Protein chains: 2
Amino acid sequence: MKVTIKEVARAAGVSIGTVSRVLNGKDRVSQATRARVRAAVESLDFKPDLTARAMIHKQTQSIGLVVPALTNEYWSALAEYVQEAAWNKGYTMLLCTAGYQLEKHLSCIQTLIDRKVDGIIAGIRLNDPLEQDQLNLDTWPNVKMVSLVQGLPNTLLVGVDQHTSSIRAVEHLIGLGHRSIAYIGHSADREMGYRHALELHGIQVAEELIVRGDGSFQSGHHGVMQLKEQGAAYTALFCWNDMTALGALQACEAIGLRVPQDVAVVGYDDIPMAKLVKPALTSVHQPLQEIGRTAVHRLLDLIAGEEYSATSNILFDAELVIRDSCGSRLRNKI
Amino acid sequence: MKVTIKEVARAAGVSIGTVSRVLNGKDRVSQATRARVRAAVESLDFKPDLTARAMIHKQTQSIGLVVPALTNEYWSALAEYVQEAAWNKGYTMLLCTAGYQLEKHLSCIQTLIDRKVDGIIAGIRLNDPLEQDQLNLDTWPNVKMVSLVQGLPNTLLVGVDQHTSSIRAVEHLIGLGHRSIAYIGHSADREMGYRHALELHGIQVAEELIVRGDGSFQSGHHGVMQLKEQGAAYTALFCWNDMTALGALQACEAIGLRVPQDVAVVGYDDIPMAKLVKPALTSVHQPLQEIGRTAVHRLLDLIAGEEYSATSNILFDAELVIRDSCGSRLRNKI
DNA sequence: TGTGGTTGTAAAAACGTTATGACAAACATT
DNA sequence: AATGTTTGTCATAACGTTTTTACAACCACA
């Protein structure tokens, strides 16, 4: 059956404490016994029980990752990079998919804490942005946590500056001559960037061009349909994310709007699919691998005892990848 | 700090054993003390340490999932469904991405075992199908494991009959009049189905129409290019999976082959992207959610002590979803 | 008033490690 | 030769639970 340290000790003719000291190299052990213990460990193929070890060290060498869903490529890619970075540091990753409801997110975090993960990387994204404000992480004052989205208080943030990058995306459209730019998506940071960009260029924000969507493919489709129903006039569309943009693309085709001739579309996230659809989608690219890796490394720093400070937040630069969905030449102003 | 059972016992004025017995309801405890303990637990917000509990029960209430990558939608969707099913049963999921090399797969499994997961769901897929045969899981004779891919000996299989469904896919092409059907992909079960289907309909297998690919987008692209270089003549293309098919689609467009007019394309997996590309991809749809859920439930059965037998393998039926990438009318035979 | 069976609880033994304290043995210092 | 100092090792105590054993207290029945 399972071989324990006790049997190794017996085989090597020493006490269990000595075996432990050989294995952990903490204390002085003579060459002779060290060799004998090593041999015994080898021949019995002994591996310390991590459960027992965790109980003493109060560390499980594992981290938790909470994401809304893996069916969204953005999160699945991030999950892979986080897992990989954690693995390279000798940590395993517990994964929870929490959907887009606050309650499930919280119960995921609670469960991970109960499971004694050493730290948590939280990709919290809620349907209702109002809930984001209600989110209170002070329930777990001592938990090491890194957040992947802006807006969680008292938590180390690793991500991109969504406000600035949204401005850049919308400015791209403005630069192409667009004045009536619609928006489909959440009402958080990216919408603020959208509004800000318009204001910066003296374009009045038209509330009828703003449609709420939850970031799903369907929401993009639905958004375009809703704009049509409302008889909204627009020549460009800024979407909260690529899935939304893809849905919008499909809806545009369905109602005979040509992209980019009739309407220019910009997405956000630059998921792999973005370059594969026709027309290829112009999108804001986030350095996901770097984000994932950095999130893990910073989390391990926190676990190692480093103090959190708001200034240590890390915001990567997001790059606008220009493809075919906006056309390229200046258009007539309306 | 951390509140232990000891403090609960002191608060309630009983022994720790009694507290434990109240919490687990194993043994008889008088109503009076039961209430007192309950109150103490409540007021101190005591939660049993799962690490300590795991050490006694030798169960961690967690399972491991090994998949090649999450950047493939097939695996990311499966991962989400597995996580969800596990969560609903009170289990957490450790996730490992293992790439497509045998060695990494094995080290992932070993790590999960070391971490004391109660069972493992293995989505092993290797670049080199020869390695699949070398794969020896007897190294871990007592590990509860469910496999998501055919070909692992002595392991409960939950998946779809890839051979039969591949035959069905190729027969769809044959039914449309195609006689020269190329194949891009691995050399395992799906290729066997391809060969078998051709033989069934008296079509000789042309080795020059078979190109190796690893299932990536690039491999599909590269496959079509290679067929062109070889001057291969074909009117239809059966791809090992959808990512391959998407790559093939892009390559076809690049070299001026119209789909479906010049070449019909069939994929496998029916990833979400399949219905979004132009032309929408005809593909073999696997009931992923059901597979994920069933894999978890069967694994829990194994953990509960049920015996493995080859006859308990579960193969779901895969359905061919016909979209636009094959056209619809019979074509002239070459 | 014994005897025998419940019932409730405490005390102690496990689970498999790591960390601590004590103690010989070897060696160096006066 | 007496006294420190280092070195190697062994017991033993943690860690926080669950499980087992033991044993009082109570009740019923003769």
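The shown structure was predicted, so the numbers you read here are calculated from the model rather than taken from an experiment. Chain letters run A, B, ... following the sequence lines, proteins first and then strands; every chain starts at 1.
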Donor-acceptor list for residues 4-11 of chain B side chains, cut-off 3.5 Å, not counting sequence neighbours:
| residue | atom | partner | partner atom | Å |
| --- | --- | --- | --- | --- |
| B/Thr4 | OG1 | B/Lys6 | N | 3.0 |
| B/Glu7 | OE2 | B/Thr4 | N | 3.3 |

Partners meeting side-chain hydrogen bond (donor to acceptor under 3.5 Å, both in side chains) with B/Ser43 (sequence neighbours left out): none
Starting from [atom2] on [N], measure out to [atom1] on [X] and report it in whole angstrom.
X        : N      : atom1 : atom2 : result
B/Met55  : C/dT17 : CE    : C1'   : 7 Å
A/Ile5   : D/dC10 : CD1   : C1'   : 13 Å
B/Lys6   : D/dT18 : NZ    : P     : 14 Å
A/Gln59  : C/dT18 : CD    : P     : 14 Å
B/Lys116 : C/dT17 : NZ    : C1'   : 11 Å
A/Asp49  : C/dG16 : CG    : C1'   : 6 Å
A/Lys2   : C/dC15 : NZ    : P     : 13 Å

Student check: side-chain heavy atoms of [X] and [Y] closer than 4.5 Å:
X        : Y        : value
A/Asn72  : B/Ser76  : no
A/Tyr81  : B/Leu70  : no
A/Val22  : A/Arg38  : yes
B/Tyr91  : B/Gln83  : no
A/Leu315 : A/Leu157 : yes

Would you confirm whether [X], through its side chain, and [Y], through its main-chain N or O, come within 3.5 Å as a donor-acceptor pair?
X        : Y        : answer
B/His105 : B/Tyr100 : no
A/Arg298 : A/Ile314 : no
A/Arg53  : A/Gln59  : no

Polar-atom pairs under 3.5 Å, protein N or O versus N or O of nucleotides 19-22 of chain C: list them with distances, or write none.
| residue | atom | partner | partner atom | Å |
| --- | --- | --- | --- | --- |
| C/dA19 | OP1 | A/His57 | NE2 | 3.4 |

Separation of A/Asp189 CG from A/Gln150 CD (nearest 0.5 Å): 5.5 Å
Residues in contact with DNA chain D, drawn from residues 30-48 of chain B - heavy-atom cutoff 4.0 Å: B/Phe46, B/Lys47, B/Pro48
Close N or O pairs between protein and nucleotides 5-7 of chain D (under 3.5 Å):
none

Test side-chain contact (heavy atoms from CB on, under 4.5 Å) applied to B/Cys96 and B/Leu112, B/Leu65, B/Ile109, the passing residue: B/Leu112
Five-pair end axes of the helix from C/dT1-D/dA30 to C/dT30-D/dA1 and the angle they enclose, rounded to 10°: 70°
Under 4.0 angstrom between A/Thr18 side-chain N/O and D/dC10 OP1 or OP2: yes
Cationic N near anionic O, under 4.0 Å, B/Arg293 to B/Glu84: no
